[in-house]
Amino acid sequence: MSHYIINGGRRLEGTVRLHGAKNATLPILAAATICGDSVIANCPCLTDVEVALDILRHLGCDARREEDRIITTQTVGGSCVIPDRLMGAMRSSIVFLGAMISRFGCAQVTLPGGCELGSRPIDLHLSALRQMGAEIHEDCGALRCSAPQGLHGADITLSFPSVGATENILIAAAAAKGETILRGAAREPEIGDLIAFLKGCGGDISADIDGTICIRGVSQLHGTSHRVIPDRIAGGTYLCAGAITNGEVELEEAEAAHLLSTLAWLHNAGCRVNVNGRKVWLRGTPRLRELGMVKTAPYPGFPTDMQAILMAVAAVAQGTTVFVENIFDGRYRHIPELRKLGCDISVQGRVAVVNGGGPLHGAPLRCTDLRGGAAVVLAAMAAEGESQVEGIYHIDRGYECMEQHLAALGGDIIRTGR
Ligand code: EPZ
């Protein structure tokens with residue numbers, strides 16, 4: 001298995017060109033299952049995206065990559081069963097469900113895999129699809145779904161603005177009979193990107209800023225050309241790499257509007273930030289300040305995906321920072337790893353208290369999940385001495401060549417092993 005060897009303590013300085021957003025690419029590829037031939041640009045080279053391409057091909061939609069573009073071509077046929085190995089490889093496999101029922105009138109899947117962040121039920125997905133006319137039988141982790149008459153519009157209210165459920169409903173409703181009103185929808189930028197893709201394919205969708213989306217189903221979705229938005233979490237990660245090493249990092253091809261809550265926290269910590277069109281620049285400070293209380297929340301609040309990464313920054317800042325994780329009930333698995341580096345962090349339920357400022361030292365480390373892994377790598381970049389980081393396949397799921405970007409910024413990091 002590959003791992004990173006990091007010799008920390010170097011100031012990171014330079015430019016990172018951001019790749020496209022994983023969490024926008026995956027639902028757009030799911031939507032491509034029911035759309036005409038399309039060209040989707042700015043798709044990152046990530047293992048999760050490769051899994052999505054495998055699923056697409058399985059469903060009868062040929063998909064090939066040309067540099068950062070994915071070209072999808074409809075073929076006749078395809079299977080309405082996603083094999084367990086593909087379902088288990090990532091969480092987003094469940095976002096194919098609405099598209100499959102729409103395409104085949106039936107679907108057979110098992111429960112999705114993905115990062116272990118606590119309980120991750122799919123009740124909101126299933127109840128919405130049932131309201132749209134799907135019959136769904138659950139049996140020991142297997143789901144058998146059918147809608148012989150096709151899906152129809154419905155008035156759906158989400159009790160929580162689930163990103164994945166919103167995506168599933170959008171895709172299913174885009175080609176369903178009649179109108180769907182979705183209330184309490186997620187408002188993450190990746191949802192906006194999925195809507196833009198579906199509208200490019202002829203979808204009739206309007207979204208209010210309050211999280212109500214009206215989708216009038218169309219009989220056929222044609223193809224389109226679409227460019228995926230930049231990855232705001234990868235962007236936030238590289239800015240934090242600058243902050244944690246008292247460095248200076250500029251992002252190219254960024255969308256600053258999507259990074260506002262992260263930029264605000266880094267500014268509060270004493271970093272200088274500047275936005276110039278598609279460029280976002282950050283300069284760190286030798287004395288980062290504590291952050292007070294950081295609470296994760298649905299967009300436009302502070303993203304749960306940045307929680308572990310900002311926690312690494314808080315660990316080197318002066319004073320005490322309190323994190324409250326409001327989205328997932330088990331998203332602190334990185335904390336024991338950060339402690340190995342010397343971070344002083346205690347946890348009670350959803351609250352983590354970081355007493356920053358202590359010196360960090362290299363240690364043998366393990367990535368526990370995608371963003372937790374990124375946090376551990378950043379903390380190791382700031383720590384004096386050598387760290388070996390295992391389990392970097394988690395990082396490959398969401399960051400294109402992270403080690404190459406960090407090395408280009410002046411970090412001493414190499415990937416070894418197979
Ligand atoms: C998406 O996951 C992202 N994944 C996650 O990013 C991100 O952390 C999350 O949204 C929140 O922003 C992708 O886009 C591929 P949710 P998703 O449904 O869709 C509960 C990363 O690191 N819930 O919004 O799975 C759920 O348990 C990943 O890139 C239900 O109760 O997130 C959680 O507590 C990790 N029932 C909360 O809602 C449901 O049916 C948010 O989940 C669905 C969700």
Side-chain angles (χ1 to χ4, degrees), residues 6 8-13 232-251 259-274 280-297 301-326 331-348 350-363 365 371-385 387 406 409-411:
I6 296 173
R10 292 182 175 215
R11 194 167 178 267
L12 298 183
E13 202 173 345
R232 65 194 165 103
I233 306 301
T237 303
Y238 292 116
L239 292 177
C240 286
I244 201 170
T245 60
N246 181 24
E248 188 171 336
V249 169
E250 183 171 70
L251 302 178
L259 279 158
L260 290 183
S261 59
T262 299
L263 290 178
W265 280 116
L266 291 170
H267 176 75
N268 287 352
C271 298
R272 284 182 61 197
V273 291
N274 188 43
V280 177
W281 169 89
L282 172 140
R283 179 185 288 158
T285 161
R287 279 184 69 82
L288 286 165
R289 289 190 295 267
E290 77 275 9
L291 296 167
M293 188 170 292
V294 182
K295 298 180 181 179
T296 63
F302 180 69
T304 174
D305 290 349
M306 284 301 302
Q307 174 255 108
I309 296 153
L310 192 68
M311 188 178 290
V313 176
V316 304
Q318 303 299 312
T320 300
T321 300
V322 177
F323 284 84
V324 184
E325 172 53 57
N326 287 316
R331 206 166 195 180
Y332 283 144
R333 295 173 73 229
H334 51 280
I335 290 178
E337 300 303 310
L338 292 178
R339 283 194 194 122
K340 290 181 192 165
L341 290 158
C343 301
D344 176 355
I345 309 174
S346 57
V347 184
Q348 195 152 31
R350 288 181 180 267
V351 179
V353 179
V354 183
N355 290 307
L360 304 189
H361 49 78
L365 302 163
R371 309 301 172 188
V376 160
V377 168
L378 259 51
M381 300 299 299
E384 289 297 332
S387 297
L406 293 175
L409 293 174

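Heavy atoms only: backbone and side chains are in, while hydrogens, waters and symmetry mates are out.
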A.B. asks: How far does OG1 of Thr245 sit from CD of Glu13, to the nearest 0.5 angstrom?
C.D. replies: 9.0 Å
A.B. asks: Working to the nearest 0.5 Å, report the span between CD of Gln307 and CG of Asn326.
C.D. replies: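 The distance works out to 10.0 Å.
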A.B. asks: Heavy atoms, side chains only, cut-off 4.5 Å: are Thr262 and Pro303 in contact?
C.D. replies: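 They are in contact (side-chain heavy atoms under 4.5 Å apart), so the answer is yes.
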A.B. asks: Heavy atoms, side chains only, cut-off 4.5 Å: are Leu259 and Leu251 in contact?
C.D. replies: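 The answer is yes, as the side chains (C-beta and beyond) meet within the 4.5 Å cut-off.
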A.B. asks: State, with a plain yes or no, whether a side-chain heavy atom of Leu406 is found less than 4.5 Å away from one of Leu12.
C.D. replies: yes
A.B. asks: Do you know which two heavy atoms are closest between Ala374 and Thr237, and how far apart they sit?
C.D. replies: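 Heavy-atom minimum between the residues: CB-CG2, 4.2 Å.
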A.B. asks: Distance check, rounded to the nearest 0.5 Å: Leu338 atom CG versus Tyr332 atom OH?
C.D. replies: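 Here the interatomic distance stands at 12.0 Å.
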A.B. asks: Between CD1 of Ile244 and CG of Leu378, what distance do you get to the nearest 0.5 Å?
C.D. replies: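 One gets 5.0 Å once the value is rounded to the nearest 0.5 Å.
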A.B. asks: Could you tell me if the side chain of Met381 sits less than 4.5 Å from the side chain of Ile6, heavy atoms only?
C.D. replies: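 Yes; the side chains approach each other to less than 4.5 Å.
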A.B. asks: Could I get the full list of side-chain contact (heavy atoms from CB on, under 4.5 Å) partners for Ala308, not counting sequence neighbours?
C.D. replies: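 For Ala308, the residues satisfying side-chain contact (heavy atoms from CB on, under 4.5 Å) (neighbours in sequence not counted) are His334, Ala375.
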A.B. asks: Could you tell me if the side chain of Met311 sits less than 4.5 Å from the side chain of Ile335, heavy atoms only?
C.D. replies: yes
A.B. asks: Which pairs of donor and acceptor atoms, one on a side chain in residues 283-290, lie under 3.5 Å apart (sequence neighbours left out)?
C.D. replies:
| from | atom 1 | to | atom 2 | distance (Å) |
| --- | --- | --- | --- | --- |
| Arg283 | NE | Glu248 | OE1 | 3.3 |
| Thr285 | OG1 | Arg287 | N | 3.2 |
| Arg289 | NE | Asn268 | O | 3.2 |
| Arg289 | NH2 | Asn268 | O | 3.1 |

A.B. asks: Any side-chain heavy-atom pair from Cys240 and Met306 closer than 4.5 angstrom?
C.D. replies: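 SC-SC contact between Cys240 and Met306 confirmed.
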A.B. asks: What's the spacing between Glu325 CD and Lys295 NZ if we round to 0.5 Å?
C.D. replies: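 Going from the CD atom of Glu325 to the NZ atom of Lys295 covers 13.0 Å.
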A.B. asks: Below 3.5 Å, can you tabulate the donor-acceptor pairs from side chains in residues 315-323 to any protein atom, sequence neighbours excluded?
C.D. replies:
| from | atom 1 | to | atom 2 | distance (Å) |
| --- | --- | --- | --- | --- |
| Thr320 | OG1 | Asn355 | OD1 | 2.8 |
| Thr321 | OG1 | Leu291 | N | 2.9 |

A.B. asks: So, does Thr296 use its side chain to make a donor-acceptor pair with the main chain of Phe302 at under 3.5 Å?
C.D. replies: no
